[in-house]
Number of protein chains: 2
Amino acid sequence: MQIREVEQSAGLPAKTIRYYEEIGLVRPNRQDNGYRIYSTEDVHRLRFLQRARGLGFSIEDCRALLSLYDETGRESADVRAIAEAHLDEIDRKIRELKGMRQTLAHLVHACHGDDRPDCPILDDLAGIGDGV
Amino acid sequence: MQIREVEQSAGLPAKTIRYYEEIGLVRPNRQDNGYRIYSTEDVHRLRFLQRARGLGFSIEDCRALLSLYDETGRESADVRAIAEAHLDEIDRKIRELKGMRQTLAHLVHACHGDDRPDCPILDDLAGIGDGV
DNA sequence: ATAAAGCTTCTAGCTACTGGAAGGTCAAGC
DNA sequence: GCTTGACCTTCCAGTAGCTAGAAGCTTTAT
């Protein structure tokens, strides 16, 4: 299978697929003309990567997950540990964004948003009203 | 005020303060020896940046907000538009993370996480069970 | 024969910093 | 006067994860 076809089946752009090869995640063979040729196993790994990245796992997490996937004698606890750490990280990010959201929504609500120059959003950013 | 002191009052590392100068957000004067010297106005702008970045505004948003802040004849609607667009973006990210969270929490829950090799997390990433 | 589509490698750029090296400046202590 | 240490400076490189684009080879169709 050539790269253009793999784009479809893995759901990844060709550039990304080549990049994943560059960093050693997938190693397709080459045809005599130098073209990459992907086995079903390669495509499988790429799809694995596409899903894992879609769940927000870092490239290094993906590398670890792939190597656990290759290991027949792996312990599911190892996989679960990676997933749980990532889950904690996602929760942390959600909390962080919710904090921003709350402040910002409050400010947007307070701003009349017309042609007048006074603006609670800028006032807040400038620190007006916090005693500085 | 020298940079080490500004670190404290603006709540930003010196490296970041210099970086903000490099990209034209803050322009401190220099002493004869070449050292940066910050006016209260400079510190004010840095604190503004610290807060805006803390709310997740991009550097380019910050640039726009600062220039609106400088403009006495600005319209608050312009500020509000930037803030609302950012709010939408935050909401989008929260939704995205929540989607990941849900899938991942489900998988972690399904994984027994012991020394056995079978693992629903890897099975899902590999696409087992989705008909492919 | 030639044009279009597909492949290759390589370099550079994106965001927003961060770390580190090499070196100038200044105040204190001996 | 000299040294030590804490400042300060600039410049270069690296982080994550691609993405854009240039220059050039191969294959296929007309």
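First the proteins, then the strands, lettered A, B, ... as listed; each starts at 1. Since the model is a prediction, treat every value here as computed from it, not as a measurement.
Between the OH atom of Tyr38(B) and the P atom of dC7(D) there is a distance of 16 Å, rounded to whole Å. The distance between atom CD of Glu7(B) and atom P of dA6(D), rounded to the nearest whole Å, is 15 Å. One interatomic measurement links the two molecules: OH of Tyr19(B) to P of dT10(D), which rounds to 16 Å at whole-angstrom precision. We find that OH of Tyr35(A) is positioned 11 Å from P of dG6(C), with the value rounded to whole Å. When the P atom of dC7(D) is taken as reference, atom CD of Glu5(B) falls 12 Å away, rounded to whole Å. Between the CG atom of Leu49(A) and the P atom of dG17(D) there is a distance of 12 Å, rounded to whole Å. dA16(C) atom P lies 14 Å from atom CD of Glu22(B), rounded to whole Å. Taking atom CD of residue Glu21(A) and atom P of nucleotide dC7(C), one finds them 14 Å apart after rounding to whole Å.
Candidate nucleotides dT18(C), dT10(D), dG20(C) were compared by shortest atom distance to the side chain of Lys15(B), and dG20(C) ranks first.
If you check every strand for non-hydrogen atoms under 4.0 Å, Arg53(A) touches sugar and phosphate atoms only. Here Arg18(B) lies in heavy-atom contact (under 4.0 Å) with a base. Nucleic acid contact class of Ile23(B) (heavy atoms, under 4.0 Å, all strands): none.
Between Ile37(A) and Arg30(A) the shortest side-chain heavy-atom distance does not fall below 4.5 Å.
Checked by atom type and distance alone, the side chain of Arg53(B) pairs as donor or acceptor with a backbone atom of Phe57(B) at under 3.5 Å. Arg51(A) places no side-chain N or O within 3.5 Å of a backbone atom of Leu46(A) that could act as its donor or acceptor partner.
Dense packing is recorded around CD of Glu71(A), with more than 12 heavy atoms of other residues, nucleotides or ligands lying under 6.0 Å away.
Applying the 4.0 Å criterion to OP1 and OP2 of dT9(C), one finds that Arg36(A) has a side-chain N or O inside that range. Between Asn33(B) and dC26(C) there is a side-chain polar atom (N or O) within less than 4.0 angstrom of OP1 or OP2. Distances shown here put a side-chain N or O of Tyr20(B) below 4.0 Å from the OP1 or OP2 atom of dC17(C). Gln2(B) has a side-chain polar atom (N or O) that falls below the 4.0 Å cut-off from OP1 or OP2 of dC8(D). Within the structure, every side-chain polar atom (N or O) of Thr16(B) is placed at least 4.0 Å from both OP1 and OP2 of dA16(C). In this model, the phosphate group of dC8(D) is approached by a side-chain N or O of Arg4(B) to a distance below 4.0 Å at OP1 or OP2.
Under a 4.0 Å N-O distance rule, the pair Asp115(B)/Arg74(A) does not qualify as a salt bridge.
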